[in-house]
Each structure stands twice: as C-alpha cells, then as structure tokens.
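Just below is one structure, and these are the notes that go with it.
Along the sequence shown, the residues carry numbers beginning at 1. Numbering of ligands and ligand atoms starts at 1, following listing order.
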Amino acid sequence: MLAVSLSCHPPGSGGPAPQVGDTSVAIRVNQLGYRPDAPKVAVLCALAPRKITGFRIMDGRNRTVFGPTAATATGQFGPCAVTYRLDFSRLRRPGVYRIVAAGVNSLPVRIADDVYRGAADSLLAYLREQRSGYNPVFRDSVHKRSDGVLVDDPTRSGEFIPVSGGWADASDYLQYGATTAHATTMLLLAYRDHPEAFADRFQANGLPGANGTSDVLDEARWGLEWLLKMYPEDDLLLNQLGDDRDHTFWDLPVNDSADYGWGRGGKRPVYRCTGKPQGLFENKNRSTGLASTAGKYAAAFALGSAAFRERDTAFAHRLAARARAVYALGAAHPGVCQTAPARSPYFYEEDDWADDMELGAVELYALTRESPYFDAAFRYAAQEPVSPWMGQDTARHYQWYPWHNNAHYEIWRTGADSARRVVAEYYRRGLEAVARRAGNGFRIGIPFIWCSNNLLASFATQATFYRRMTGDSTYLEYETSALDWLFGVNPWGVSMVIGLGDTYPRTPHSVVSDQLHLQLTGGLVDGPVYRSIFGALRGIRLVEPDEYAPFNTGFIVYHDDVGDYSTNEPIMDGTANLAYVLAARFRH
Ligand SMILES: [Ca+2]
Ligand SMILES: [Ca+2]
C-alpha cells in the first residue's frame with residue numbers, strides 16, 4: 001500500500017534464506033497444516049512439462065501411510081508448466097508427514113485438530129507493532145504531539161484537532177478512518193463469534209501482561225478510541241491523518257521526519273471527509289459523499305458498544321450515541337469518501353458505499369432493535385448484493401471495499417427467514433462468480449490486483465459465512481484453497497503471514513523490519529500481483545537477487561524483497577481482515 005518514491009532503499013536485512021526447491025518440481029503444502037476432517041490437497045508445480053503418475057505420503061519413520069495414489073493433472077498456471085492436485089483428504093490420522101512425488105519431498109505436513117490454534121491471535125502482534133500514539137514495541141510515543149492540523153477545510157483549516165492514536169496503515173505512517181474502521185470491525189466480529197481463539201497476554205497499552213481482557217478486545221478498543229477522535233463533532237467526520245508526503249524519508253515511526261510544510265518531524269495534516277474531490281496538490285481523488293466512511297464508523301461504534309456493554313458502560317453509551325450520529329450523517333450524504341492523495345497518484349479508490357451503510361444500519365439494529373435500521377440495511381443490501389470485484393479479472397485499488405460484505409451475514413443473524421434466504425443467495429452469487437474463474441490447479445479465482453491476499457482472505461470469510469448460514473458445502477473446496485494459498489499452496493511456496501509456517505517473508509517492505517531486523521510477526525503481506533501491475537508501479541526496484549526467480553516467469557509475480565511495496569508490504573487492514581476466518585478455524 002505504501003508507494004514509496006525513494007531513489008534508493010538500504011539493502012535487505014538478510015536472515016535465513018527461504019527454502020526454495022532447486023529442482024524443476026515443487027510440492028506446495030499448507031504450512032500451518034490440515035485439520036483431520038477437512039479437505040487436504042497439496043499442489044505439485046512443475047516448471048517444465050512433465051508426467052506425474054502418483055504420489056505417496058510418508059511418516060517420520062519413512063513408512064508409507066498413504067498411497068501411492070494418482071495425482072490429478074490440472075494444467076498450466078503461472079510459472080507452472082503443469083500442475084497436479086494431490087488430494088489426501090482420506091488421510092485423517094494426526095501426525096507429521098511428508099509428501100513424495102517425482103522424487104521430490106514436500107515441507108512437513110501436519111495433520112491435527114489444532115493446526116490453526118494461535119493463528120488469529122498471532123496477527124495481533126503486528127497490530128500492536130503498528131500502534132500510533134503510544135507504541136509498545138518501541139516503548140515510546142509515535143506522533144503523539146503532531147496529530148494533527150486540519151487541512152482542506154473551507155473555514156477551519158489550520159485548526160489543531162487531537163487525533164493521536166490508532167494504527168499506521170502499512171509500512172508508511174498514514175492512517176485512514178475507513179481502513180481503521182474495517183479493521184476494528186473485523187476484530188470485534190472475531191471476538192464476538194470466536195472469543196476462544198484469542199489469549200490475554202497483553203495490557204491495554206500493548207505492553208506484556210494480562211489485564212483480564214482478551215487481547216483482541218484490547219486491540220479493538222485501540223481502534224475505537226482513535227475512531228472516536230476522528231469523529232469529534234456530529235458534522236465533522238475525519239478521513240485521513242498524514243498523506244503521501246510521508247514517503248519522502250525512510251524513517252522509523254518514532255523519529256518520523258516527514259515535512260508537511262510545518263518543518264521536518266512537525267505536525268501532520270488531518271483531512272475531513274468533504275464529499276468533494278480531495279488532494280492538496282496536482283492529484284485528486286473522486287469523492288462524492290460521506291456514506292462509505294460514515295457507514296464503516298457506525299458499524300464499528302455499534303459493535304463496540306455491544307462488546308463493552310458489560311465491561312465499560314460509559315464507553316458503550318458513548319459509542320452507541322456516536323454510531324447513531326455518524327450513521328445519520330452518512331444517510332444525509334450518500335456517496336464515497338476516498339483517501340486523499342498528495343504528491344503521488346495513488347489513493348484508495350473506493351467506489352461503493354451501500355455496503356458500508358448496510359453494515360452500519362444492521363449493527364445499529366442489532367444494538368437497538370429499532371426496526372427502521374433493519375429495513376434500511378435490507379434496502380442497502382439490494383443495492384449491492386454481490387461485492388463487485390467477484391467474478392472480475394481486475395479492479396482499481398480498493399475500488400470495492402471492504403473486499404467482502406459482512407453485513408449480509410449480520411442480516412442473516414438478526415433477520416427473519418425470508419431475509420435470511422435473500423442474503424444467503426447474495427453470498428452464493430459472489431462465491432459462484434469467483435469459483436467459475438478457479439479452474440486452475442490452485443483453485444484460485446480472484447483477480448491478482450494489488451492486495452490479492454486480502455481478496456483471498458475475504459473470499460474465504462464469505463465462504464465461511466455462507467456455509468454457516470446454509471450448510472451448503474458447494475464452495476468448501478475453494479474456501480479451503482484460498483486459505484491454503486495464503487499459507488503456502490502457491491507457486492512460490494510462501495506463507496503470506498510473517499512468522500507463520502516454515503517459509504514466510506523475511507525481507508518485507510518495512511523500515512522497522514529493515515533497520516531494526518525486527519520480525520513483524522503476524523503481518524499479512526499484500527501478495528502476488530499481475531506482472532503488468534508490478535511493471536507499471538513507480539519507484540519499485542528489487543534490492544537483492546530474487547530467490548524466487550524460477551517461479552516469477554508467469555503472469556503473476558511475488559518477491560520477498562524490501563524494495564517491492566506491491567507484493568511484500570505487510571498491511572494493517574489486510575491483517576485484521578484475516579483475523580475472523582482464522583479465528584473461525586480455531587479448535588481446542
Ligand atoms: Ca489483554
Ligand atoms: Ca464500500
């Protein structure tokens with residue numbers, strides 16, 4: 001997400017080299033493992049045409065425990081001249097194995113009930129690392145006194161508004177209301193539905209130590225407190241803190257020296273949602289209203305109010321009041337509030353807002369049981385039944401955001417049978433559109449636009465919701481393949497979450513990781529993109545030899561390189577977006 005316009009990056013921090021097959025055949029497995037009752041598939045990728053007759057699975061004592069059995073040829077994909085699906089779903093006995101085919105071994109394959117244990121919780125480490133205001137990793141303040149000065153306002157520009165807090169969006173230090181609200185919502189949903197997936201090992205300020213509150217709720221509150229600051233008055237909805245002038249220097253967050261016209265390391269600008277195209281310089285966004293952001297804030301506030309009802313009544317009341325107010329503001333100003341570009345042409349080009357107002361409305365209904373909110377949610381749902389990227393082969397950056405629509409599931413939770421059937425069908429149509437494009441060996445049907453990993457996390461989340469709503473397992477294979485891809489069943493054999501699995505990004509696009517050699521555990525990176533996108537982005541330059549070069553010959557590319565901000569940058573809202581679906585797979 002960070003479009004750094006640097007002339008030179010320092011070299012990568014090194015660390016252990018990923019294991020990359022030096023042969024022309026690689027067997028890709030889910031590096032977290034497989035649950036005994038789940039579909040279990042590895043994918044064999046051969047870089048040259050080759051006939052594979054079968055595969056077997058061996059245990060730690062070199063005994064064959066499965067097969068030999070036939071491999072299913074599934075054609076070419078990306079760098080793979082041919083792929084084979086190796087289906088071992090019938091192997092259910094827990095253990096650690098390896099798959100052998102064509103004389104090649106896979107990484108270890110775990111089968112156990114608890115292979116996803118701790119996965120959702122580990123994502124929170126990255127969010128703590130991204131905190132602004134007080135940062136528990138640096139044990140220091142970040143932008144505490146500099147946030148922020150109101151800009152792009154006809155009458156109040158120059159006014160200081162205290163908005164310190166929240167999370168840095170990615171490896172830059174910009175902060176957005178829209179992404180923060182979505183991230184907060186995902187954390188609150190994960191806590192509400194799967195609290196057992198999270199531990200209590202950290203305090204509210206992010207420092208080690210239990211505080212009697214689930215760490216996911218501590219993190220959600222960190223988001224909520226910032227969103228409250230970003231909505232300080234009924235008619236003042238703030239959009240963004242900082243802008244891409246942040247990208248001038250490659251600094252640690254604690255000594256960010258960005259210069260926004262008030263001196264290096266000085267105050268940062270805070271933008272309101274104006275409902276009009278925004279951009280202080282030559283680049284402008286295409287904003288048309290407030291509803292896309294207002295709906296997201298309303299949803300986070302309403303869910304937050306429910307989550308804190310027993311724990312902190314005053315906080316819950318305040319959140320409920322702000323939820324109602326910001327929802328009303330969105331209803332009065334339909335349209336989108338996009339992020340504001342400055343010197344760079346990149347911004348989040350969100351084009352839909354009905355999905356956001358639907359979520360705001362249904363969460364207000366869940367909180368208040370006032371039926372006009374439900375009726376509004378159901379009307380908004382019909383405006384955008386299917387997240388529009390589903391079934392497409394491209395989209396603009398964040399054009400359809402969030403990448404899945406949580407609100408249909410919330411309507412199902414709170415609605416009558418007739419409404420439930422309608423929203424289940426909406427989800428089915430989206431899943432079907434993606435599945436129709438997923439005939440390849442990896443069973444992946446998303447477009448490989450920037451942030452492809454977020455699309456996969458969202459697809460898997462929607463599929464999980466749909467299965468829970470209907471009991472229909474039609475799309476389980478694709479749902480499973482999406483998560484398998486994120487954890488290593490992809491051409492590169494890389495787990496896309498730092499610190500999870502055997503082979504994961506070692507040199508992400510991050511100044512913290514690069515300069516301090518700090519592993520950003522839990523961070524989900526952007527993921528592979530079309531070669532055409534990578535080739536067109538500004539300022540990208542790989543700074544070390546590409547260890548995945550043999551697998552970067554196809555239509556999509558991924559580089560574990562500090563210079564690649566398009567595929568290898570961890571991102572805050574993408575990470576939080578993954579929390580729900582991982583929490584849903586937790587099992588004691
Ligand atoms: Ca805690
Ligand atoms: Ca939207």
Side-chain angles (χ1 to χ4, degrees), residues 120-125 127-128 131 136 176-183 185-188 190-191 195-225 239 273 285-300 307-308 311-312 326-327 330-331 333-339 347-363 377 380-381 383-390 395-408 410 426 430 451 454-455 458 462 573 577:
D121 197 51
S122 70
L123 302 180
L124 302 178
L127 293 174
R128 285 189 291 270
R131 284 191 185 192
Y176 304 115
T179 55
T180 300
H182 174 60
T185 289
M186 294 311 297
L187 299 178
L188 289 166
Y191 175 72
E196 70 282 2
F198 299 94
D200 173 20
R201 289 192 282 262
F202 292 88
Q203 308 168 53
N205 64 6
L207 289 174
N211 64 346
T213 299
S214 174
D215 295 340
V216 71
L217 206 49
D218 287 327
E219 213 55 40
R221 182 162 185 156
W222 192 259
L224 289 167
E225 302 270 15
N239 176 20
C273 287
N285 68 20
R286 296 182 302 277
S287 290
T288 58
L290 272 58
S292 64
T293 296
K296 292 186 189 74
Y297 279 48
F308 285 95
R311 302 172 167 274
D312 185 340
V326 76
Y327 176 81
H333 299 277
V336 291
C337 171
Q338 301 178 337
T339 68
F347 56 96
Y348 290 176
E349 306 177 54
E350 186 173 358
D351 266 347
D352 59 350
W353 54 270
D355 57 332
D356 308 300
M357 289 300 285
E358 178 189 348
L359 187 61
V362 73
E363 299 303 1
Y380 285 126
Q383 285 186 38
E384 189 181 284
V386 177
S387 297
W389 68 263
M390 294 185 168
R396 291 200 295 271
H397 194 38
Y398 276 58
Q399 186 175 6
W400 313 113
Y401 180 75
W403 307 279
H404 69 278
N405 184 335
N406 286 303
H408 295 347
E410 301 296 285
Y426 291 165
C451 297
N454 302 343
L455 300 185
S458 273
Q462 177 164 325
D573 63 327
N577 193 53

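The closest donor-acceptor contact from the side chain of Thr180 to the backbone of Gly223 lies at 3.5 Å or more, if one exists at all. Put simply, the side chain of Asp200 gets close to the backbone of Gly212: a donor and an acceptor are under 3.5 Å apart. In this structure a side-chain-to-backbone donor-acceptor pair under 3.5 Å is present from Gln203 to Pro208.
For Tyr191 and Phe198, the distance between ring centers is not under 6.0 angstrom.
Around the Ca ion (ligand 1), the protein atoms of type N, O or S found under 3.0 Å away are Asp200 OD1, Phe202 O, Asn211 OD1, Thr213 O, Asp215 OD1, Asp218 OD2, listed by chain and number. If you look at the Ca ion (ligand 2), the protein N, O or S atoms less than 3.0 Å from it are Glu350 OE2, Asp352 O, Asp352 OD1, Asp355 OD1, Asp355 OD2, Asp356 OD2, Tyr401 O.
For the residue pair Tyr401 / Asp573, a side-chain donor-acceptor distance below 3.5 Å is found, with atom types taken as modelled.
A salt bridge does not link Asp215 with Arg201: every distance from a Lys NZ or Arg NE/NH1/NH2 to an Asp or Glu carboxylate oxygen is 4.0 Å or more.
For the side-chain contact (heavy atoms from CB on, under 4.5 Å) test, residues two or more places apart in sequence or in another chain that qualify with Ala407 are Glu358, Leu359, Val362, Asn405. Looking at residues two or more places apart in sequence or on another chain, you find a side-chain contact (heavy atoms from CB on, under 4.5 Å) between Thr213 and Asn211, Leu217, Asp218, Arg311.
Taking the six-membered ring where the residue is Trp, Tyr426 and His408 present tilted rings, their angle falling between 30° and 60°.
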